[in-house]
Enquirer: 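My questions all concern the structure below.
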Protein chains: 2
Amino acid sequence: MTVTIKDVAKKAGVSPSTVSRVLSGHPRISLETSRKVKVIMEEMGYTPNMMAKSLVSKTTNSICIILPKPAEELFSNLFFMELIRGIVTQASRSGYDVLISSGANEKEELEAVSRLLKGRRVDGAILLYSRKDDAVIEFLENNSYPFVLVGRSDRYENILSVDNDNVMAAFDATNHLISMGHERIGFVSGPPELIVSRDRLEGYRKAMQSSGLQTQPEWIVEGEFLQESGYRAMSFFMNLPNRPTALVAVDDMVSFGVLRGLNELKYKVPEDLAIVSFNNIPLSELSSPPISSIDIGIYHLGYTASQVLIQSIQKPDNNTGYTNRFVIPHRLIIRESSMRGPGKE
Amino acid sequence: MTVTIKDVAKKAGVSPSTVSRVLSGHPRISLETSRKVKVIMEEMGYTPNMMAKSLVSKTTNSICIILPKPAEELFSNLFFMELIRGIVTQASRSGYDVLISSGANEKEELEAVSRLLKGRRVDGAILLYSRKDDAVIEFLENNSYPFVLVGRSDRYENILSVDNDNVMAAFDATNHLISMGHERIGFVSGPPELIVSRDRLEGYRKAMQSSGLQTQPEWIVEGEFLQESGYRAMSFFMNLPNRPTALVAVDDMVSFGVLRGLNELKYKVPEDLAIVSFNNIPLSELSSPPISSIDIGIYHLGYTASQVLIQSIQKPDNNTGYTNRFVIPHRLIIRESSMRGPGKE
DNA sequence: CTTTGTGAAGCAAACGGTTCCATAAGGAGG
DNA sequence: CCTCCTTATGGAACCGTTTGCTTCACAAAG
């Protein structure tokens with residue numbers, strides 16, 4: 001059925017090896033043969049069999065994305081979409097295919113990774129949002145498979161990773177509120193086992209401190225990257241004796257929850273509570289009022305991750321141990337939700 | 001390096017074929033050998049090489065998703081994320097991997113599909129949002145590769161597809177507004193080359209007609225699946241001499257645009273204009289006011305597409321020509337944006 | 001005791017490429 | 001005119017599996 005390299009060879013009156021060489025642009029092939037073979041390939045509609053190619057070359061020209069289980073559970077999925085978009089775009093430019101995989105739990109995830117990497121179905125992996133210690137990372141490292149982490153791990157030092165400077169980002173976000181005149185600023189954090197939560201919290205603390213502002217322990221609440229957390233945090237804050245006039249939320253979804261709550265209670269944003277959050281997902285400018293957010297360059301994050309991974313696949317000698325952490329710049333997008341100071345009490 | 005079937009065979013003192021048969025659960029292998037081999041596989045950490053397997057079996061256990069170019073351009077991406085989520089979940093349950101691919105234009109797309117299918121990297125494809133006539137569909141059909149279309153094509157009859165009954169959905173949406181007492185109802189459509197636009201428009205027309213309501217030509221405007229279209233449509237409608245009191249929008253993103261516009265002009269929703277749209281993306285309930293929307297079961301759409309595709313890969317004899325169109329049920333989610341009739345003029 | 005049937009395992013040929021090594025032709029240098 | 005490169009190509013082994021056909025041993029049947 002399918003036309004193979006041998007069929008082409010036969011029709012062209014050359015050997016299979018010659019055809020193969022034409023295909024790969026081997027230098028010692030006469031122009032004449034090359035042309036002839038190419039014409040015949042075109043005529044017969046030849047397409048190389050990737051499986052056969054991979055078998056001998058031990059290379060697949062594809063990478064995989066390992067989604068953490070929360071992705072299955074909807075999570076803040078715009079984030080992932082953007083990331084995937086960046087990855088797929090870059091990979092495709094480098095001639096790589098992208099395979100999406102996920103597992104219901106860490107064990108399943110590990111199985112999937114092992115099957116894909118050891119089974120030589122992909123050449124490398126991109127991991128999203130790692131936990132503190134991670135069997136998957138462990139596995140990949142021990143077998144020295146190429147991989148890059150989107151996010152940061154404080155446990156593993158020398159692994160490739162692409163991330164933002166979340167401490168600095170939170171510092172900037174908080175400083176913005178301070179510069180608008182706010183002094184009582186709350187913080188809604190994410191799950192403490194995620195490093196991103198801790199980094200952002202740290203940045204908030206630093207900003208407060210460096211401006212000589214007190215931060216009350218009750219102004220910091222923990223939650224998830226979900227609306228509910230924002231809703232809950234909001235009602236907690238608003239009942240405080242001297243409640244904050246502004247807050248920094250670890251994720252835009254949290255802000256939406258806060259917004260919904262404030263709306264129900266007829267509070268005004270930013271008059272009664274100013275808000276800044278992170279990620280700048282497309283919704284941020286759609287809410288009313290639009291939310292100020294730190295744009296962390298999600299697409300860029302994915303794009304870079306793919307680039308770094310593919311580079312490391314193609315020349316694995318990059319063990320300088322130097323530039324293995326790539327930091328994507330962030331920027332603050334100021335919108336209505338933080339456009340006013342605490343003023344009118 | 002990697003441990004192959006031969007290594008296992010040698011260590012177990014059997015032939016490679018025996019190991020292979022143990023792996024595939026061949027009936028004529030003694031329990032004893034089977035156990036022995038399995039232990040050794042475990043010991044040596046054997047993982048089958050998928051490439052070799054695929055080469056001989058001519059099967060890859062993976063499928064691909066072909067994203068239309070607009071996906072690269074952000075589009076209403078929550079839609080795609082949900083769809084992908086459904087596809088990946090189902091595929092993974094069936095033991096299939098999913099490959100994401102896209103091209104900048106139709107030609108590139110075709111190249112990608114050809115490379116993947118003819119190159120035997122995947123066993124089948126899922127196409128999203130097809131244009132009216134499509135070189136990709138043409139190609140897949142001519143080569144009788146398994147594929148399923150998410151959406152509908154009126155040109156190709158016998159292809160597998162998963163879709164909603166968009167005519168009925170629009171009928172329901174419109175009827176809901178009518179039942180709230182609205183009589184002047186506008187419609188914001190999508191690009192006319194997308195079948196989904198036309199179907200929804202048709203449903204709207206039918207509903208109006210079946211209630212004996214007049215539909216003014218100027219109440220129907222064309223746009224894209226984007227906010228801007230909504231914004232523009234809004235300002236057009238609101239300047240009409242006897243403007244509509246309600247409107248149906250072809251996509252939630254359009255509603256957001258409308259909402260933003262109305263907000264700027266200090267109009268109230270639903271008092272001044274009631275709104276219903278389609279897709280029920282997660283944002284719909286986050287806007288203020290929350291938007292009534294037809295939930296078309298995006299996740300389910302993806303899940304089913306994957307299921308249907310894999311089924312057709314595994315037994316391609318399903319040429320009954322009967323059940324090749326799968327319709328996913330929709331349901332109307334009523335929210336604040338359509339909770340009041342035209343009443344107070 | 002020889003023939004036939006059956007279950008368990010091995011041999012070797014594929015699958016569609018790549019690549020090392022060998023070879024033939026032709027031209028340059030001695 | 002013979003030797004030695006160089007260049008363009010062919011031959012064959014190999015990548016890691018699967019699978020049809022054999023083979024072998026042994027028990028049942030004639």
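The chains referred to below are lettered A, B, ... by the order of the sequence lines, with proteins before strands, and numbering in each begins at 1.
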Enquirer: Taking atom C1' of D/dT18 as reference, at what distance in whole Å does atom CD1 of B/I29 sit?
Expert: 13 Å

Enquirer: If you assign each of B/V14 and B/V56 to its closest nucleotide in DNA chain C, which residue comes earlier from the 5' end?
Expert: B/V14

Enquirer: Under 4.0 angstrom, heavy atoms only, what part of the nucleic acid is A/G13 near: base, sugar-phosphate, or nothing?
Expert: sugar-phosphate

Enquirer: Give the nucleotide from the list C/dG10, D/dA8, D/dC15 with an atom nearest to the side chain of A/L55.
Expert: D/dC15

Enquirer: Can you see whether B/T18 engages B/S15 through a side-chain donor-acceptor pair at a distance of less than 3.5 angstrom?
Expert: yes

Enquirer: Verify, without hydrogens or angle tests, whether A/T4 (side chain) and A/K6 (backbone) share a donor-acceptor contact under 3.5 angstrom.
Expert: yes

Enquirer: Of all the nucleotides listed (C/dA9, D/dG10, D/dT7), which has the minimum atom distance to the side chain of B/T18?
Expert: C/dA9

Enquirer: Which residues in residues 34-53 of chain A have a heavy atom closer than 4.0 Å to any atom of DNA chain C?
Expert: A/Y46, A/T47, A/P48, A/N49, A/A52, A/K53

Enquirer: Does A/L23 or B/S30 map to a spot on DNA chain C nearer the 5' end, using the closest nucleotide for each?
Expert: B/S30

Enquirer: Give the nucleotide from the list C/dG10, C/dA9, D/dT9 with an atom nearest to the side chain of B/T33.
Expert: C/dA9

Enquirer: Expressed as a whole number of angstroms, how long is the span from A/D7:CG to C/dG16:P?
Expert: 8 Å

Enquirer: Taking atom C1' of C/dA9 as reference, at what distance in whole Å does atom CG of B/L31 sit?
Expert: 15 Å

Enquirer: Can you tell me how far C1' of D/dT9 sits from NE2 of A/H26, to the nearest Å?
Expert: 10 Å

Enquirer: Report yes if at least one side-chain N or O of B/S57 is closer than 4.0 Å to OP1 or OP2 of D/dT18; otherwise report no.
Expert: no

Enquirer: In whole angstroms, how far is the P atom of D/dG16 from the CZ atom of A/R120?
Expert: 8 Å

Enquirer: Does any donor-acceptor pair link the side chain of B/S17 with the base of C/dC11 at a separation under 3.5 Å?
Expert: yes

Enquirer: From B/I87 CD1 over to B/L128 CG, what is the distance, rounded to the nearest 0.5 angstrom?
Expert: 5.5 Å

Enquirer: Backbone N or O of B/G302 within a donor-acceptor pair of the B/S306 side chain at under 3.5 Å?
Expert: no

Enquirer: After noting the C-alpha distance and the side-chain angles of B/L160 and B/F326, does the key distance pass the side chain to side chain contact (heavy atoms under 4.5 Å, CB included) rule?
Expert: CA-CA 8 Å; B/L160 288 176; B/F326 297 81; 4.2 Å; yes

Enquirer: C/dG16 P sits how many Å from B/R121 CZ, rounded?
Expert: 17 Å

Enquirer: With a cut-off of less than 4.0 Å, is there a side-chain N or O of A/T4 near OP1 or OP2 of C/dG16?
Expert: no

Enquirer: With distance as the sole test, does A/K53 use its side chain to make a donor-acceptor pair with the main-chain N or O of B/G119 at under 3.5 Å?
Expert: no

Enquirer: Under 4.0 Å between a side-chain N or O of B/K58 and OP1 or OP2 of C/dG16?
Expert: yes

Enquirer: How close or far is atom C1' of D/dG16 from atom NZ of A/K118, stated in whole angstroms?
Expert: 15 Å

Enquirer: Find the bend of the helix from C/dC1-D/dG30 to C/dG30-D/dC1 as the angle between its two terminal axes (five pairs each), to the nearest 10°.
Expert: 70°

Enquirer: Ignoring backbone atoms, test whether A/R28 places a side-chain nitrogen or oxygen under 4.0 Å from the OP1 or OP2 oxygen of D/dA8.
Expert: no

Enquirer: In whole angstrom, give the distance that lies between atom CD of B/E32 and atom P of C/dA8.
Expert: 11 Å

